[in-house]
Amino acid sequence: MNDMERRLRAVEDRLAILDLEAAYAVAWDFGRAQEWAELFTADGWFEMIATGNMPYLRVTGHAELRGFCEQIAREWSGLHYMHPPQLEIHGDEASSVIFFEFRHLMRREDGHVRQGNTGGHYHTRYVRTPAGWRMQSRVEKAVFENLSNYFPIHPGSVGADC
């Protein structure tokens, strides 16, 4: 491979990973669980580091990833605001650090609504596969969360005399 081919491949790899990151946010935010899961390798995983009231979580493989996304989409909706990744690409492997905000709304059947904004960073490893670049692992570390909670107002919920 000559210098021009190496440089072109480096640009194509960078753009493909940027497209993968965009697909990640779109699939998650629109609740497309199967699409989201398939952005990972078959044995890939998503991990959330325990922070504040958030427990540690790790889901591995397409079935668990899909199930996790489906579970969240039942009560939650939101939008990712992701900064451009700091990418390091080495042949068929790559890694990144990405800062993000996730503005979200949770609606439960009991009428409780939670609105918030979570921010932090992802540490992601990518591998080139026959289907293109895929995530091998993504570790999320939240560093802040602002929440507002709204609880239902039901007649009779504050006492019989009201």
Side-chain angles (χ1 to χ4, degrees), residues 16-89 93-127 129 133-162:
I17 292 171
L18 290 174
D19 284 347
L20 178 65
E21 288 297 341
Y24 174 94
V26 168
W28 181 268
D29 294 351
F30 290 165
R32 298 175 183 162
Q34 186 64 38
E35 286 179 33
W36 184 76
E38 290 175 1
L39 298 173
F40 291 81
T41 60
D43 62 346
W45 71 87
F46 175 80
E47 184 174 335
M48 293 172 59
I49 303 298
T51 306
N53 294 331
M54 300 287 292
Y56 173 81
L57 171 83
R58 183 171 172 159
V59 289
T60 303
H62 288 163
E64 284 185 24
L65 290 161
R66 182 183 62 250
F68 173 64
C69 187
E70 289 170 344
Q71 172 193 356
I72 297 299
R74 282 193 282 277
E75 292 184 345
W76 295 79
S77 60
L79 295 173
H80 279 85
Y81 295 87
M82 294 171 31
H83 296 247
Q86 178 187 28
L87 277 171
E88 291 187 21
I89 303 170
E93 297 181 358
S95 62
S96 73
V97 176
I98 303 171
F99 293 94
F100 73 90
E101 284 188 52
F102 183 62
R103 297 179 187 192
H104 49 82
L105 187 66
M106 179 203 66
R107 288 188 177 96
R108 292 197 331 218
E109 289 182 13
D110 66 1
H112 176 198
V113 176
R114 180 174 129 177
Q115 179 179 341
N117 185 27
T118 303
H121 47 86
Y122 296 124
H123 293 259
T124 307
R125 290 179 160 195
Y126 312 89
V127 295
T129 72
W133 286 95
R134 295 292 182 263
M135 295 179 195
Q136 175 63 50
S137 64
R138 171 161 266 181
V139 178
E140 176 184 310
K141 170 69 170 129
V143 297
F144 73 82
E145 184 171 48
N146 299 312
L147 297 175
S148 297
N149 286 284
Y150 305 91
F151 301 97
I153 300 172
H154 295 291
S157 64
V158 293
D161 295 334
C162 294

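Count residues from 1 along the sequence.
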Participant: If you define the side chain from C-beta out and look only at heavy atoms, does anything of His112 sit under 4.5 Å from Met106?
Facilitator: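 In short, these two side chains touch, coming nearer than 4.5 Å.
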Participant: More than 12 heavy atoms of other residues, nucleotides or ligands under 6.0 Å from CG of Asp110: yes or no?
Facilitator: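 Enclosed.
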Participant: Evaluate whether atom CD of Gln86 has more than 12 neighbouring non-hydrogen atoms of other residues, nucleotides or ligands under 6.0 angstrom away.
Facilitator: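 At most 12 heavy atoms, drawn from other residues, nucleotides or ligands, come within 6.0 Å of this atom.
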Participant: Measuring only between side-chain heavy atoms, which start at C-beta, is Trp45 closer than 4.5 Å to Gln136?
Facilitator: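 In short, these two side chains touch, coming nearer than 4.5 Å.
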Participant: Report yes if some heavy atom in the side chain of Glu140 is under 4.5 Å from a heavy atom in the side chain of Phe100; otherwise report no.
Facilitator: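 Of all side-chain heavy-atom pairs linking Phe100 with Glu140, at least one is under 4.5 Å.
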Participant: Identify the two heavy atoms, one from Val143 and one from Gly120, that lie closest to each other, and give their separation to 0.1 Å.
Facilitator: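 Heavy atoms of Val143 and Gly120 come nearest at CG2-CA, 3.7 Å.
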Participant: Between CD of Gln34 and CD of Glu70, what distance do you get to the nearest 0.5 Å?
Facilitator: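 Those atoms lie 8.0 Å apart.
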Participant: Think Arg103 forms a cation-pi with Tyr81, using NZ or CZ under 6.0 Å from the six-ring centre and within 45 degrees of its axis?
Facilitator: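 Judged by the rule, Arg103 and Tyr81 form a cation-pi pair.
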Participant: Shortest non-hydrogen contact from Ala33 to Arg66?
Facilitator: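 Looks like CB-O, 3.5 Å.
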Participant: Run the side-chain hydrogen bond (donor to acceptor under 3.5 Å, both in side chains) test on Ser148 and Gln115 for me, step by step, so that the C-alpha distance in whole Å, both residues' side-chain angles and the decisive distance to 0.1 Å come before the verdict.
Facilitator: CA-CA 5 Å; Ser148 297; Gln115 179 179 341; 5.8 Å; no
Participant: Any chance you could measure Thr129, atom OG1, to Met135, atom CE, to the nearest 0.5 Å?
Facilitator: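 Interatomic distance, Thr129 OG1 to Met135 CE, rounded to 0.5 Å: 12.0 Å.
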Participant: His62 side chain to Phe40 main-chain N or O, any donor-acceptor pair under 3.5 Å?
Facilitator: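 Confirmed, His62 side chain pairs with Phe40 backbone.
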Participant: Return the minimal non-hydrogen interatomic distance between Leu87 and Ser96, and the atom names on each side.
Facilitator: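 Closest heavy-atom pair between Leu87 and Ser96: CD2-CB, 3.7 Å.
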Participant: Could you grab the distance from atom CH2 of Trp76 to atom CZ of Arg108, nearest 0.5 Å is fine?
Facilitator: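 One finds 9.5 Å between CH2 of Trp76 and CZ of Arg108.
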Participant: Heavy-atom distance under 4.5 Å between the side chains of Trp133 and Ile89, does that happen here?
Facilitator: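 SC-SC contact between Trp133 and Ile89 confirmed.
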Participant: What heavy-atom pair brings Leu147 and Gly116 nearest, and what distance separates the two atoms?
Facilitator: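 Closest heavy-atom pair between Leu147 and Gly116: CD2-CA, 3.9 Å.
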Participant: Calculate, to the nearest 0.5 Å, the distance between atoms NE2 and CD1 belonging to His121 and Ile49 respectively.
Facilitator: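 It is 9.5 Å, given to the nearest 0.5 Å.
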Participant: Using a 4.5 Å cut-off on heavy atoms from C-beta on, say whether the side chain of Glu109 contacts that of Arg74.
Facilitator: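 Of all side-chain heavy-atom pairs linking Glu109 with Arg74, none is under 4.5 Å.
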Participant: Over 60° means perpendicular and under 30° means parallel, so classify the ring planes of Tyr122 and His80, tilted if in between.
Facilitator: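 It falls in the tilted class, 30° to 60°.
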Participant: Ring-plane angle category for His83 and Phe99, please: parallel below 30°, perpendicular beyond 60°, tilted otherwise.
Facilitator: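 Correct class here is perpendicular.
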Participant: Answer with yes or no whether the side chains of Ser95 and Arg125 bring together a donor and an acceptor at under 3.5 Å.
Facilitator: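 Side chains of Arg125 and Ser95: no pair found under 3.5 Å.
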Participant: Between CD of Glu88 and OH of Tyr126, what distance do you get to the nearest 0.5 Å?
Facilitator: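 These two atoms lie 11.5 Å from each other.
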Participant: Measure the shortest side-chain to side-chain distance between Val26 and Arg32 over non-hydrogen atoms and say whether it is less than 4.5 angstrom.
Facilitator: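 Yes, close enough: below the 4.5 Å cut-off.
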Participant: Kindly say whether Arg58 contributes a backbone atom to a donor-acceptor pair with the side chain of Thr60 at under 3.5 angstrom?
Facilitator: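 A pair under 3.5 Å: no.
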Participant: Quick one: CG on Leu39 to CZ on Phe46, what's the gap to the nearest 0.5 Å?
Facilitator: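 Leu39 atom CG to Phe46 atom CZ measures 12.5 Å (nearest 0.5 Å).
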Participant: Do Arg138 and Tyr24 come within less than 4.5 Å of each other through their side chains, counting heavy atoms only?
Facilitator: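 A side-chain contact exists here, since the closest heavy-atom pair is under 4.5 Å.
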Participant: Taking atom CZ of Arg107 as the centre, report whether more than 12 heavy atoms of other residues, nucleotides or ligands fall under 6.0 Å from it.
Facilitator: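 Count not over threshold, so no.
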Participant: For the backbone of Met54 and the side chain of Thr51, can you confirm whether one donor and one acceptor N or O come within less than 3.5 Å of each other?
Facilitator: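 The answer is no, because no donor-acceptor pair under 3.5 Å joins these two groups.
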Participant: In terms of side-chain geometry, is the basic nitrogen of Arg114 or Glu75 positioned less than 4.0 Å from the acidic oxygen of its partner?
Facilitator: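 Salt bridge between Arg114 and Glu75, a charged N being under 4.0 Å from a carboxylate O: no.
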Participant: Identify the heavy atoms of Leu65 and Gly44 that sit nearest to each other, and give their distance.
Facilitator: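 Heavy atoms of Leu65 and Gly44 come nearest at CD1-O, 3.9 Å.
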Participant: Looking only at heavy atoms, which two atoms of His104 and Asn117 are closest? And how far apart?
Facilitator: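 The pair with the smallest heavy-atom distance is NE2-N, 3.8 Å.
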Participant: Where does the angle between the aromatic ring planes of Trp36 and Phe68 fall among parallel (under 30°), tilted (30 to 60°) and perpendicular (over 60°)?
Facilitator: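 The rings of Trp36 and Phe68 sit tilted, inter-plane angle from 30° to 60°.
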